Amino acid sequence: MKIEYNQKVNGVVPKLDIGMLDIETSVTNNFVNEILCASYTDWSTRTTYEFINDPWCHCTDEEIQARVDKETIPFVEGLNDKAKKVWEEKPHKFVYVHCVSERDLIIKLIRTTIKCKPDLCGVWNISYDIPYIEKRALFNQIPVHELFCHPDVPKDLRFFHWKEDTKP
């Protein structure tokens with residue numbers, strides 16, 4: 001990838017499609033260790049996909065959207081002028097993806113991320129979130145090499161191994 005990227009870049013770095021991923025896990029006895037909800041933001045389309053583990057959350061889309069609308073007001077008010085202009089020119093939308101189980105949530109989260117094709121995907125706490133998704137995928141009997149690999153990768157070439165980059 002690095003060689004291909006370097007060959008394609010002459011001078012100015014091209015526009016990158018950025019994504020952001022985050023998970024929230026349980027701290028209660030009812031859903032021990034489960035991923036309760038997750039989000040993936042596709043910056044190129046200004047869309048945030050909210051993945052909701054329905055057995056945990058009993059809210060309607062309308063209730064969730066009302067809370068988002070309410071909490072967005074102070075967020076936007078706190079933006080500097082340049083950021084506020086970007087926010088207002090390209091409105092952000094939320095898509096609520098209801099999942100029947102944690103297994104369903106994990107698959108939909110990673111498949112949506114892959115489908116959006118980010119050039120770079122940031123993760124709120126990557127050294128926690130990715131290993132945690134891997135752990136919960138294995139618990140839910142999801143082969144992680146199938147989960148994390150793009151469907152176009154031939155089955156015999158699919159591989160997954162998490163290794164944290166510890167360089168400063």
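Treat the numbers as computed from the prediction; the structure is a model and nothing was measured.
- For Glu88, the CD atom is densely surrounded, since the number of other residues' heavy atoms within 6.0 Å is greater than 12.
- Taking CG of Leu147 as the start and OG1 of Thr113 as the end, the distance is 9.5 Å to the nearest 0.5 Å.
- The backbone N or O of Asn33 lies less than 3.5 Å from a partner atom in the side chain of Tyr132, making a donor-acceptor pair.
- Phe139 and Ile133 are assigned to two separate hydrophobic clusters, defined by single-linkage of ILVMFWY side chains at heavy-atom distances under 4.5 Å.
- With no hydrogens or angles considered, a side-chain donor-acceptor pair links Tyr96 and Gln65 at under 3.5 Å.
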Checking salt bridge (Lys or Arg N to Asp or Glu O under 4.0 Å) for the pair Arg67/Glu63: CA distance, chi angles, key distance, verdict?
CA-CA 6 Å; Arg67 184 169 177 182; Glu63 291 169 324; over 6 Å; no

Would you check, one step at a time, whether the test side chain to side chain contact (heavy atoms under 4.5 Å, CB included) holds for Thr47 with Tyr49?
CA-CA 6 Å; Thr47 303; Tyr49 299 89; 3.6 Å; yes

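- Of the inter-residue distances, the one linking Leu36 atom CG with Cys57 atom SG reads 9.5 Å to the nearest 0.5 angstrom.
- When Asp119, Thr41, Leu120 are each tested for a side chain to side chain contact (heavy atoms under 4.5 Å, CB included) with Ile18, only one passes: Leu120.
- Considering only heavy atoms from C-beta on, Glu50 comes within 4.5 Å of Thr48 through its side chain.
- The residues Asp81 and Lys85 are annotated as not salt-bridged, no charged nitrogen and carboxylate oxygen being separated by less than 4.0 angstrom.
- The two residues Cys99 and Pro55 come nearest to each other via the heavy atoms O-CD, 3.9 Å.
- Taking OG1 of Thr25 as the start and CG of Asn53 as the end, the distance is 12.0 Å to the nearest 0.5 Å.
- Within the model, atoms CZ of Arg103 and CD of Gln141 stand 7.5 Å from one another, a figure rounded to the nearest 0.5 Å.
- Two residues are said to be in side-chain contact when any heavy atoms from C-beta on lie closer than 4.5 Å; Val144 and Trp162 fail this criterion.
- Glu146 places no side-chain N or O within donor-acceptor distance of the main-chain N or O of Pro143, the cut-off being under 3.5 Å.
- Here the straight-line distance linking atom NZ of Lys163 with atom CG of Asp165 works out to 7.0 Å at 0.5 Å rounding.
- Residues His98 and Asp61 bring a donor and an acceptor atom of their side chains to less than 3.5 Å of each other.
- A single hydrophobic cluster is seen to contain both Val123 and Ile107, as judged by linkage of ILVMFWY side chains at heavy-atom distances under 4.5 Å, directly or through other members.
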Apply side chain to side chain contact (heavy atoms under 4.5 Å, CB included) to Tyr40 and Cys121, showing your working.
CA-CA 9 Å; Tyr40 175 75; Cys121 182; 3.9 Å; yes

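- Ion pairing between a basic and an acidic side chain is recognised when a charged N comes within 4.0 Å of a carboxylate O; Arg136 and Glu34 show no such pairing.
- When side chains are defined from C-beta on, Val86 counts as touching Arg46, because their heavy atoms get closer than 4.5 Å.
- For Asn80 (side chain) and Lys82 (main-chain N/O), a donor-acceptor pair under 3.5 Å exists by modelled atom type.
- The same ILVMFWY cluster, assembled from side-chain heavy atoms under 4.5 Å apart, contains both Phe148 and Tyr128.
- At a threshold of 4.5 Å between non-hydrogen side-chain atoms, the residues Thr112 and Val97 do not count as touching.
- A donor-acceptor pair under 3.5 Å is formed between the side chain of Arg158 and the backbone N or O of Val153.
- Within the 4.5 Å cutoff, the side chain of Leu105 has no heavy atoms near those of the Asp54 side chain.
- Taking a cutoff of 4.0 Å between a charged side-chain nitrogen and a carboxylate oxygen, Glu77 and Lys84 do not qualify as a salt bridge.
- Residues Ile35 and Cys37 form no side-chain contact, since every pair of their non-hydrogen atoms from C-beta on lies 4.5 Å or further apart.
- Between Phe94 and His92, a ring centre-to-centre spacing shorter than 6.0 Å is recorded.
- Considering only heavy atoms from C-beta on, Pro151 comes within 4.5 Å of Ile114 through its side chain.
- Linking ILVMFWY residues whenever their side-chain heavy atoms come closer than 4.5 Å, directly or via other members, leaves Met20 and Trp43 in distinct clusters.
- A distance of 9.5 Å separates CG of Asp129 from CG of Leu109, quoted to the nearest 0.5 Å.
- Under the 4.5 Å side-chain contact rule for hydrophobic residues, Ile52 and Val95 do not share a cluster.
- When side chains are defined from C-beta on, Phe160 counts as touching Glu134, because their heavy atoms get closer than 4.5 Å.
- Counting only N and O atoms by type, the side chains of Asp42 and Thr45 include a donor and acceptor under 3.5 Å apart.
- Across all non-hydrogen atoms, the minimal contact from Pro118 to Gly19 is CB-N, 3.9 Å.
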